[in-house]
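I have placed the structure first, in the form of structure tokens, so that the comments after it can refer back to it.
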Amino acid sequence: MSSRARIENVVTSGVFSLDGQDFDVDNNVWLIGDADEVVVVDASHEAAKILDAVGGRKVVAIVSTHGHNDHVNAAGEVADATGAPILLHPEDRMLWDVVHPDREPGYLADGDVVEVGGTTLRVLHTPGHSPGAVCLHVPDLEVLFSGDTLFKGGPGATGRSFSSFPTILESIRTRLLTLAPTTTVLTGHGDSTTIGAEAGDYDAWVARGH
């Protein structure tokens with residue numbers, strides 16, 4: 001168990017745009033680290049609010065769980081202010097390029113690790129909500145940053161471009177429900193949950209069909 005690493009939540013507000021439609025949304029930005037260094041998970045909407053939470057700490061990386069605009073639209077400003085690399089799965093590059101056409105991100109791969117504050121974030125490629133969606137598992141803390149792959153109440157939305165309901169179900173079944181039931185799931189929007197709380201509803205999601 002890491003004695004130093006802690007997790008902080010910053011809720012930011014803005015617009016999610018996809019397929020020609022706009023939606024007002026609140027996003028969870030997660031900071032994990034210690035008094036000296038931090039990783040920002042999903043730099044969304046309000047860079048100033050995120051930078052205020054970072055304070056004087058070194059930003060090791062800005063990790064994007066996927067490329068939808070509401071999860072990456074503050075990443076450039078946070079990166080410029082901190083010198084941190086932005087990391088994204090390459091299969092979401094087409095979504096990234098809509099928001100940041102002139103900026104080259106660094107890339108994540110399944111199994112990669114990001115170390116910060118005496119703990120380790122492990123990258124799990126969990127396509128479905130988008131092709132390059134990832135979750136970040138922190139075994140030391142029994143925490144999963146799920147992005148928009150898994151929420152309290154079920155899978156993330158799959159009714160839009162580049163998404164697939166069968167694929168997100170497969171990702172959840174094979175990559176997430178295999179984690180300890182006590183694992184806390186810190187989501188991209190809304191309330192947190194646990195793997196155990198969601199696992200019992202899997203068959204109902206399959207039956208629902210969307």
Side-chain angles (χ1 to χ4, degrees), residues 1-2 4-9 27-34 36-44 50 54 57-76 78-79 82-97 99-100 103-150 155-156 162-164 167-168 170-180 183-188 195:
M1 185 75 179
S2 171
R4 292 194 292 146
R6 65 179 189 267
I7 294 169
E8 301 155 67
N9 178 218
N27 282 62
N28 289 321
V29 181
W30 299 102
L31 277 59
I32 178 169
D34 60 14
D36 300 316
E37 60 181 21
V38 68
V39 164
V40 176
V41 180
D42 288 337
S44 307
I50 298 166
V54 168
R57 291 177 288 180
K58 175 186 177 183
V59 179
V60 174
I62 301 159
V63 179
S64 302
T65 60
H66 60 293
H68 285 151
N69 78 293
D70 61 318
H71 289 256
V72 302
N73 54 9
V78 174
T82 62
I86 304 167
L87 304 178
L88 174 83
H89 194 283
E91 289 187 33
D92 269 12
R93 180 63 189 263
M94 71 292 186
L95 294 167
W96 170 266
D97 284 346
V99 186
H100 298 292
R103 186 183 290 265
E104 189 78 20
Y107 286 137
L108 295 168
D110 186 65
D112 281 358
V113 297
V114 180
E115 296 186 351
V116 64
T119 197
T120 300
L121 290 68
R122 299 189 180 278
V123 176
L124 306 177
H125 183 209
T126 52
H129 181 68
S130 67
V134 301
C135 296
L136 304 168
H137 183 218
V138 189
D140 285 353
L141 303 181
E142 278 205 339
V143 161
L144 179 80
F145 297 102
S146 66
D148 287 2
T149 295
L150 180 63
F162 310 115
S163 64
S164 164
T167 302
I168 204 171
E170 179 74 2
S171 291
I172 292 170
R173 183 180 66 82
T174 62
R175 307 306 307 277
L176 303 187
L177 299 187
T178 54
L179 302 175
T183 302
T184 299
V185 179
L186 303 178
T187 62
I195 292 294

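- What you find for Ala5 and Thr119 is that their closest heavy atoms are CB-CG2, 3.6 Å.
- Considering all non-hydrogen atoms of both residues, Ile168 and Pro155 come closest at CG2-CB, 3.9 Å.
- Using modelled atom types, no side-chain atom of Asp42 and backbone atom of Ser44 make a donor-acceptor pair closer than 3.5 Å.
- Side-chain atoms of Glu37 do not come within 3.5 Å of backbone N or O of Lys58 as any donor-acceptor pair.
- Here the closest heavy-atom approach between residue Glu142 and residue Ala180 is recorded as OE2-CB, 3.9 Å.
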side-chain contact (heavy atoms from CB on, under 4.5 Å) assessment of Val29 paired with Val40: CA-CA 7 Å; Val29 181; Val40 176; 3.9 Å; yes
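- In this structure, Phe162 and His129 have side chains that are not in contact, with every pair of non-hydrogen atoms separated by 4.5 Å or more.
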Verdict with supporting geometry, Phe145 and Val63, side-chain contact (heavy atoms from CB on, under 4.5 Å): CA-CA 11 Å; Phe145 297 102; Val63 179; over 6 Å; no
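- A perpendicular orientation is assigned to the rings of His66 and His68, their planes being inclined by more than 60° (bins at 30° and 60°).
- Pairing each heavy atom of Leu87 with each of Ala61, the nearest pair is CD1-CB, 3.9 Å.
- Atom CG of Leu186 and atom SG of Cys135 lie 11.0 Å apart (nearest 0.5 Å).
- Every side-chain contact (heavy atoms from CB on, under 4.5 Å) that Asn9 has, sequence neighbours left out, goes to Val11, Asn28, Trp30.
- Contacts of Glu8 classified as salt bridge (charged side-chain N to carboxylate O under 4.0 Å, His left out), with partners at least two apart in sequence or in another chain: Arg6, Arg57.
- Not counting sequence neighbours, Asn69 has no partner by the side-chain hydrogen bond (donor to acceptor under 3.5 Å, both in side chains) test.
- Just one residue in the list Thr65, Thr174, Thr149, Asp110 forms a side chain to side chain donor-acceptor pair (under 3.5 Å) with Thr126, and that residue is Thr149.
- The side-chain contact (heavy atoms from CB on, under 4.5 Å) check on Pro127 picks up His125, Thr167, Ser171, with sequence neighbours excluded.
- The side-chain contact (heavy atoms from CB on, under 4.5 Å) test applied to Ser163 returns Thr158, not counting sequence neighbours.
- No donor-acceptor pair closer than 3.5 Å links the side chain of Asp70 to the backbone N or O of Asn73.
- Counting only N and O atoms by type, the side chains of Ser146 and Thr187 include no donor and acceptor under 3.5 Å apart.
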Test log, rule side-chain contact (heavy atoms from CB on, under 4.5 Å), inputs Val38 and Val60: CA-CA 6 Å; Val38 68; Val60 174; over 6 Å; no
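- Residues Leu176 and Leu124 form a side-chain contact, since some pair of their non-hydrogen atoms from C-beta on lies under 4.5 Å apart.
- In this structure Asp97 satisfies the side-chain hydrogen bond (donor to acceptor under 3.5 Å, both in side chains) test together with Arg93, sequence neighbours excluded.
- Residues that satisfy the side-chain hydrogen bond (donor to acceptor under 3.5 Å, both in side chains) test with Ser64, not counting sequence neighbours, are absent from this structure.
- Between Ile195 and Val185, some side-chain heavy-atom pair lies under the 4.5 Å cut-off.
- Qualifying side-chain contact (heavy atoms from CB on, under 4.5 Å) partners for Pro139, counting only residues two or more places apart in sequence or in other chains: Arg122, His137.
- No side-chain heavy atom of Val39 sits less than 4.5 Å from a side-chain heavy atom of Leu31.
- Residues that satisfy the side-chain hydrogen bond (donor to acceptor under 3.5 Å, both in side chains) test with Asp92, not counting sequence neighbours, are Ser130.
- Minimum heavy-atom separation, Thr178 to Arg173: CG2-O, 3.9 Å.
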Residues Leu144, Leu136; criterion side-chain contact (heavy atoms from CB on, under 4.5 Å); working and verdict: CA-CA 6 Å; Leu144 179 80; Leu136 304 168; 6.0 Å; no
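- Among Thr184, Thr120, Ile32, Leu121, the single residue meeting the side-chain contact (heavy atoms from CB on, under 4.5 Å) criterion with Leu141 is Ile32.
- With hydrogens and angles ignored, the 3.5 Å screen pairs a side-chain donor or acceptor of His100 with a backbone N or O of Val72.
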